[in-house]
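Here the structure is laid out as structure tokens; the discussion comes afterwards.
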Amino acid sequence: MNEKYPFSEIEPRWQACWNEHSAFKTDLSDIAQKYYCLMMFPYPSGKLHVGHGRNYIIGDAVVRYKKMHGFNVLSPMGWDAFGLPAENAAIKTGTPPRESTLKNIAVMKEQLAAWGCCYDWDKEVTSCEPEYYKWTQWLFIQLFNRGLAYKKKSNVNWCPSCATVLANEQVVEGLCDRCDSVVVQKALEQWFFKITDYAQRLLDDIDKLEGWPERVKTMQRNWIGRSEGTEVDFALVPRDDGALDKSDKVSCFTTRVDTICGCTYMVLAPEYAHLKEMVAGLPQEKEVLQFIADSAKLTNLDRESDVLEKKGVFTGRYAINPFTGEPVPLWVGDYVLMYGTGAVMAVPAHDTRDWAFAKKYNLPIKLSIQNPERSLVLTEMDSAYTGDGMCSDSGIFTGLPNRDAIDAMTKHADTHGFGKGTINFRLRDWLISRQRYWGAPIPIVYCDRCGMVPVNDEDLPVLLPTDVEFKPTGESPLKGSNAFMNCSCPKCGDPARRESDTMDTFVDSSWYFLRYLNARDGSQAIDTAACNNWLPVDQYIGGIEHAILHLLYARFFTKVIHDLGLISFDEPFNRLFTQGMICKKSDFDGKLYKMSKSKGNVVSPNELIENYGADTVRLYTLFIGPPEKEAEWNDSAVEGSFRFLARIWRRVWQHRDLLLASKTLVPDLGKMEKPERDLYRKLNESVQKITHDLDGAFHFHTAISTIMELMNAIDETKLDENSSDQAKAVFRDAIEKVIVLISPFAPHIAEELWKELGHTGGILSAKWPETVEAALHRDKIQMALQVNGKVRGQITVPSAATKEEIEKLAVTDEAVIKWTEGKTIKKIIVVPGRLVNVAAG
RNA sequence: GCCCGGGUGGCGAAAUGGCAGACGCAAGGGACUUAAAAUCCCUUGACCGAAAGGUCGUGCGGGUUCGAGUCCCGCCCCGGGCACCA
């Protein structure tokens, strides 16, 4: 052993040792004390930076911590390997996606190892490999057979730059979440998963997710967006020319049916189903058609912008308000979305948007709610009244409190057959087809005789062809491969053509956590028994950016697979931890951003590991702040973590002979003098606090600061050969525990020092220390003395002192006498173990 | 607009209603050294004071309490999610 902390020598050695001894291989049959710790599998983009590292370092710390508690921990890793970047690289450089992806995987695997992050690589999954995507395709077919995968033509989000469609979830503020291009609407035939069938269950079961952060649950609730309201049918006033309509009514959805008697017009979405037929041959037809065409040109961004003025045109048609019997004009407006029924009733007096629209187009306004002060007068209003009140001018409902009227009027509509209570969700079906190469081919065949036919199980996987061009044309590159496209119908054997679209990569990641349990199993997608034994996942760790997309899709898939009878549980993740992003000031504009190449603020771990070692990078990453919060990377603060590890190393080195010689000594409270008793107390207080910090909220940063405090206390202890046996015993115990306590964070140095202290068997087999309760006891305690809430002194009292004794000591204290002079003592509050407050006045 | 988080030294931060700023970074001073690095020791919220000590201090304004960073009410600011969703 040497004075200098030899991180570069010990780290590769221990990494090799963990590898050789299969320290992280998990026997799936041992489930007595199982713990499934899952980290979100990465996209193999090339190189990991320290921002990515936070995820794996936190995960590895949890895995090691749980192992030391005796759990049989499963910690697998894999690769979310399909996706656009590899394909874009292929377009640029000509390197086939699979080749570049596998190369990246190899690099990243080495990086994880260099961090000391260990996984059971026997269970590795790679979503772009046929042994994996065969089963993604198989699952697609299961959804197809259940009617949960369907194809339809609809307006979809189209990214012109990626030349592919996007799911709603992948459009952020009207922009493509990959390349920031403005997303446009295009009418295309696309594949969808019917996630809306599961909307209510996905919403209800959020309540079951006790181990999830509240904010993630809120985001999911918002995204699902349930709203309760009433659907009301307005009968269409027949056309003057006697031509018949396809539908004789217009239904609208409203959450404020209580205001319906103030409805003075209706507005239809430009995409409303029968709109074109409704206006055919009318004088307004031309204008309406022009309006529809203009609206279609609007990008999502335009349409969602606040500043955009609401526009509309009159259709020439009328419908009857069933509550008043009055006809109201039908308009078409660009602010009405195909949500609910695609038609809204407009109540300008009580809705801000309708007010603005009515004022602009000079439409009538009618009050149907009177405020509690009964002071609403239309001619004096300059905005809509959206508050509560009494129904007014509302026929038999006049005088009813409006909140009660919602129920009453919904019931009335139901009884009379022109409406009903309805629930609407904001959630749309999940668009999963992509016109791109690097994804799992959708296993469907088009046969002239049989139509759409799923590929037979025995013919899976439908392999991605390799003889294709990667140019983005808006059509799938798979179409260019005749060998791929031409096939025979699985049903009748006639010549047929394959579906050329591939699946969204989020499909691959929606079930990978199940596949780890039988990654090499060629006979089935899911091993029911293994899954039921090991799932739900005990702890899932990943980035907050997946709060909606991945986590919602994974929940959906779990429910579908549950309904297929393949697993017994219907929520995948018991506890979820979302770590905050690591940010750094950009080299370009000095602003704080999430680490990314494009912002020029990436810190590469390789150099840091070379200069300070992996343990330092790990310790700093965990010490940087509360792990759920964003953190700013500070290069100079890394030094502090290095100094601390070097200090532990040095301390063991300095006392190595003494530490080895005292190996057989055992701390005995009864024989301790004060200094070692104090250190022994500090040690046990630390064990208690650290365990608490890690068990609860993963507060690694406070756990580490507690180890630092303990180390400070150890350093204050003077020790040499002449010290008592108890002093030596406690010193050794404290040093040993520091090593054990820090081992989940800095495993290499812990292993090495553990060995230096004469232990055989790795530190993972060391048990996590337990608090010796008796050691926490104090004979005397210091208490703060307050007068009127201000600290004026300190007293030391026997820990067994009664309240009365403490009070007596307090009032005779010099400082208290001084500060209460001329006042009468009204009250004395004793907070056991903390302080005494004398209230005087 | 609605729904979540936050706002504490020069910085990252800590604090079951109970001594605000633990722990670390940075900075300053000192020891060791020919020197540097490393290490060790000291100082470091603001203001007043020679010192002892005192006053103020957790975004702002009120309140509850013996006692508020923490609880309640009303604002301001920052971050995130949703949003012409009827």
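Each chain gets a letter, A, B and so on, in the order its sequence line appears, and its residues count up from 1. Quick note: numbers below take in every heavy atom, side chains included, and nothing from hydrogens, waters or symmetry partners.
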With the side chain of [X] defined as its heavy atoms from C-beta on, choose the nearest nucleotide among [options].
{"X": "A:Arg215", "options": "B:C4, B:C25, B:C84", "result": "B:C4"}
{"X": "A:Thr255", "options": "B:G54, B:C23, B:A86", "result": "B:A86"}
{"X": "A:Ile548", "options": "B:C82, B:U16, B:A86", "result": "B:C82"}
{"X": "A:Glu709", "options": "B:A86, B:G54, B:C23", "result": "B:C23"}
{"X": "A:Ser705", "options": "B:C23, B:C66, B:A13", "result": "B:C23"}

NZ (A:Lys360) with more than 12 external heavy atoms under 6.0 Å: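 Check passes, neighbour count above 12.
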Rounded distance (Å) that lies between atom [atom2] of [N] and atom [atom1] of [X]:
{"X": "A:Asp334", "N": "B:C84", "atom1": "CG", "atom2": "C1'", "result": "9 Å"}
{"X": "A:Tyr612", "N": "B:C25", "atom1": "OH", "atom2": "P", "result": "12 Å"}
{"X": "A:Glu271", "N": "B:C84", "atom1": "CD", "atom2": "C1'", "result": "13 Å"}

Stems formed with participation of RNA chain B [Watson-Crick or G-U wobble, under 3.5 Å, three or more pairs]: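 Expected stems, ordered by start: B:1-7 with B:76-82, B:10-12 with B:23-25, B:27-31 with B:39-43, B:45-48 with B:53-56, B:59-63 with B:71-75.
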Stepwise side chain to side chain donor-acceptor pair (under 3.5 Å) test for A:Thr196 and A:Asp429: CA-CA 6 Å; A:Thr196 51; A:Asp429 275 340; 2.7 Å; yes
Exercise: identify the closest heavy-atom pair between A:Ala384 and A:Pro348: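 A:Ala384 and A:Pro348 have their closest heavy atoms at CB-O, 3.5 Å.
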Below 3.5 Å between N/O atoms, which protein atoms pair up with nucleotides 39-46 of chain B? Just atom names and distances, please.
from, atom 1, to, atom 2, distance (Å)
B:U39, O3', A:Arg650, NH2, 3.4

Quiz item: A:Gln794 side-chain donor-acceptor pair to B:C19 base, under 3.5 Å: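 By the distance-only test, yes, there is a pair.
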Donor-acceptor pair present, A:Asn837 side chain and B:C66 base, under 3.5 Å: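 Result: at least one qualifying N/O pair found.
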Pair A:Phe323 + A:Phe418: ring centers closer than 6.0 Å: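 Yes, ring centres under 6.0 Å apart.
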Side-chain donor-acceptor contact under 3.5 Å, A:Ser227 with A:Tyr339: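 Result is yes, a qualifying pair exists.
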